[in-house]
2 protein chains.
Amino acid sequence: MMKQKHCCPPAKAAPRNTSGNEEFATLCKALGHPARVQILQHLIRMDRCVCGQIVEVMPLAQSTVSQHLKILRRSGLIQGEVDGPKSCYCVDKNVLKRFHDMVETLLEEQ
Amino acid sequence: MMKQKHCCPPAKAAPRNTSGNEEFATLCKALGHPARVQILQHLIRMDRCVCGQIVEVMPLAQSTVSQHLKILRRSGLIQGEVDGPKSCYCVDKNVLKRFHDMVETLLEEQ
DNA sequence: TTTATTGATCGTTGATCGACGATAAGCGAT
DNA sequence: ATCGCTTATCGTCGATCAACGATCAATAAA
């Protein structure tokens with residue numbers, strides 16, 4: 001079998017929906033840290049809020065929270081927009097719903 | 001606010017279900033790599049199968065697949081039992097269901 | 001204009017990940 | 001007892017993560 005070093009799987013015989021796997025894994029990875037789960041939950045409850053409000057709730061430095069927000073944003077789970085000198089974040093419910101559907105699909109596949 | 005270095009959050013004022021977050025993050029982290037998602041899907045479809053069969057399907061070295069299996073097993077998503085010289089793996093459907101429910105709870109919280 | 005506030009980014013540091021080959025350990029067959 | 005097959009573990013290496021403080025850029029307030 002073809003092997004490779006330090007890189008993601010190449011084309012395979014029957015890769016069975018690899019791109020979907022990729023997106024699912026990306027979303028999971030974004031939620032693979034308790035701080036980011038907490039941030040997402042907080043955003044869900046508050047609907048939308050500003051970075052500082054999140055920092056207040058978290059036992060982490062502002063720069064660390066900002067980093068987590070960046071990761072969540074990159075995954076698509078949250079969106080951020082500048083609001084004056086502040087940054088306002090909110091959950092992208094479509095992406096969250098899609099994530100949910102992916103898990104459901106997984107569950108139904110058995 | 002109390003800060004700390006290189007370590008997980010300590011007790012907080014109102015940590016709001018931190019242990020649940022922890023488990024959810026752990027499961028997400030386990031699925032945060034496309035290879036592990038693929039392995040889980042394969043196990044779901046095959047119901048149960050032996051390590052070698054998984055290695056055949058994946059474009060990765062046997063040791064790498066074994067490592068991924070270990071991570072999935074540690075997360076609780078799959079179980080493994082020795083069967084002679086082979087190792088047989090299967091999905092823990094209860095854990096998968098719980099994972100699904102966690103996502104659903106997240107979705108319903110908005 | 002200067003100052004304060006807010007948040008993103010930079011740079012660093014130690015820990016963990018992800019890949020591999022090599023090796024060890026357990027079992028079945030010869 | 002030895003050999004072969006199967007799988008887990010070890011050791012290594014580069015890449016990425018997670019945390020922090022420091023700094024920078026942009027806006028609001030004085």
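Both backbone and side-chain heavy atoms feed into the values below; hydrogens, waters and symmetry mates do not. Just so it is clear: chains get the letters A, B, ... in the order the sequence lines come, proteins before strands, and each one is counted from 1.
The CZ-C1' distance, from Arg36(B) to dT16(C), rounds to 12 Å in whole Å. Nucleotide dT5(C) holds its P atom 17 Å from the CD atom of Gln53(A), rounded to whole Å. Between the P atom of dA8(C) and the CD1 atom of Ile71(A) lies a distance of 13 Å, rounded to the nearest Å. Following rounding to the nearest Å, His68(B) (NE2) and dC20(C) (P) show an atom-to-atom distance of 8 Å. Rounded to an integer number of Å, the gap from Gln67(B) CD to dG11(D) P is 13 Å. Remark: C1' of dA8(D) and CG of Leu60(B) are 16 Å apart, rounded to the nearest angstrom. Protein atom CG of Leu69(A) is 7 Å distant from nucleotide atom P of dA8(C), rounded to whole Å. One atom, NE2 of His33(B), and another, C1' of dA19(C), lie 9 Å apart when rounded to the nearest Å.
For dT7(D), neither phosphate oxygen OP1 nor OP2 lies less than 4.0 angstrom from any side-chain nitrogen or oxygen of Ser66(B). Side-chain N/O atoms of Lys29(A) include none lying less than 4.0 angstrom from OP1 or OP2 on dT16(D). Applying the 4.0 Å criterion to OP1 and OP2 of dT7(D), one finds that Lys70(B) has every side-chain N and O outside that range. Note on Tyr89(A): a side-chain N or O is less than 4.0 Å away from OP1 or OP2 of dA8(C). Look at Thr64(A) and you'll find a side-chain N or O under 4.0 angstrom from OP1 or OP2 of dC20(D).
Closest to the side chain of Cys51(A), out of dA19(C), dG7(C), dA19(D), is dG7(C). Closest contact between the side chain of Ser63(B) and the listed nucleotides dT27(D), dC20(C), dA8(C) involves dC20(C). Candidate nucleotides dT9(D), dA8(D), dT7(D) were compared by shortest atom distance to the side chain of Lys86(B), and dT7(D) ranks first. You'll find that the side chain of Gln62(A) is closest to dA8(C), out of dC20(D), dA8(C), dA8(D).
Closest of all the heavy-atom pairs between Asp47(A) and Lys93(A) is OD1-NZ, 3.8 Å.
Nucleic acid contact for Arg73(B): none, since no nucleic acid atom lies under 4.0 Å from a heavy atom of the residue. Note on Val50(A): only backbone sugar-phosphate atoms sit closer than 4.0 angstrom, heavy atoms only; bases stay farther off. Residue contacts for Ser87(B): at a heavy-atom cut-off of 4.0 Å it reaches the sugar-phosphate backbone alone, with no base atom in range.
In this structure, the separation between CG on Leu31(B) and OG1 on Thr26(B) is 11.0 Å, given to the nearest 0.5 Å. The CD1 atom of Ile78(B) sits 10.5 Å away from atom CD1 of Ile71(B), with the distance rounded to the nearest 0.5 Å.
In the hydrophobic clustering of ILVMFWY residues, with side-chain heavy atoms under 4.5 Å counting as a link, Ile44(A) and Ile39(A) come out together.
Ring planes of His68(B) and His33(B): tilted class, angle from 30 to 60°. Between Phe99(B) and Phe99(A), the ring planes lie perpendicular to each other; the angle is over 60°, past the 30° to 60° tilted range.
The nearest heavy atom of DNA chain C to Pro85(B) and to Val65(B) marks one nucleotide each, and the one closer to the 5' end goes with Val65(B).
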